[in-house]
Amino acid sequence: MPSARHILIVNSRSVHQPVFVVGAPHSGADLIGRALKASAGFHLTLGQPSVLRTVYAFARRPSMHAGRAQAAATVIRDAFAQGWRVTSHSCLECTRECRAAAGLGEGAAGPCVELRGLETFGDASPDLIYCAEALTYAFPDARIVQVVRDGRDVVAAMLADPVVMSWFRPSFVNVDTEFPNPFFGIESEEDREIWPRLSPAGRCALRWRWSVRLAARLHHSLPPGQLKTIRYEHLMSKPDDQLAELSRFAGTTVQAAGIRAEARVSRHRSRGRRSPAWEMSLSAEDLAEIEKISGEELRRLGYLP
Ligand SMILES: [Zn+2]
């Protein structure tokens, strides 16, 4: 059930239908976040410290918030009230990606957005997906953009990303103390039992599978006007169609240059080869494990026959 309506005021503007972009790591959520950030009237943040702190508290210690929806919603609204505030130094502590997407140089101070004409607040911080359900509670009128991509491509990209892989360091893994554990995709006793024996590809596949199951839950709980699901593959093959739909959903003309450029590169790459990208980097054993763990989800989404 949505919570009672709270009015969040930031820079003397009330936050109305904020837009949040979520997806598994390397599913393209960052690409859409950057495009929205560059769109007129949008103030979208990508890794404000107050938001990241909250996101990782939810990701690491989900048990702390379980069954305390009201308290969690307050924590989230407070984090965004701070993160969205526009001051002369507002993007200074943001992630490098946020500053770059705002066109700010390495050491440049200054807000990443013009206050004038600012209509819509949003966020596409990394790993925001781990508070997606709490977000819809904290902001009952929130609009969620979720990005879904072939799990085999996601796993291949995760395996090549040292930051993502560093979450699997023994000192960081908390699958024994936190259960269920969305961050590691562990939902059942069986998942917890097989986890120690899984290969890195299998562990990444579990994380992807959780994101897809969450996508299905959001699809059932949110009205169509509040949820837009985008397939990364469609975004790359038909960027203009997808951008038009995203623009309608977000109520702005989404800045297209970054996505079009990425789609061109992706088309160019796929023209030069006969087999899918993941085939280059995943071993037969990796693929077998990915399909064992997430075959049902891959089939449901049409990525596997
Ligand atoms: Zn920023």
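Fair warning: this is a prediction, and the values are worked out from it, not measured in the lab. We count ligands from 1, going down the list as the structure has it; atoms in each ligand are counted the same way. One is the number of the first residue; the rest follow in order along the sequence.
Only protein N, O or S atoms were considered, and those under 2.8 Å from the Zn ion (ligand 1) are C91 SG, C94 SG, C98 SG.
A salt bridge links R217 to E133: one of the charged nitrogens lies within less than 4.0 Å of a carboxylate oxygen. With salt bridges taken as basic N to acidic carboxylate O contacts below 4.0 Å, none links D127 and R60. Taking 4.0 Å as the cut-off between side-chain N and carboxylate O, R192 and D176 do not count as a salt-bridged pair.
Using modelled atom types and a 3.5 Å distance limit, the side chains of S39 and Q255 yield no donor-acceptor pair.
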Return all side-chain donor-acceptor pairs below 3.5 angstrom for residues 292-300, not counting sequence neighbours, or 'none' if the list is empty.
unit_1 : atom_1 : unit_2 : atom_2 : d
S294   : OG     : I290   : O      : 2.8
E297   : OE2    : R213   : NE     : 3.0
E297   : OE2    : R213   : NH2    : 3.4

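If you look at F139 and F121, their ring centroids are not closer than 6.0 Å.
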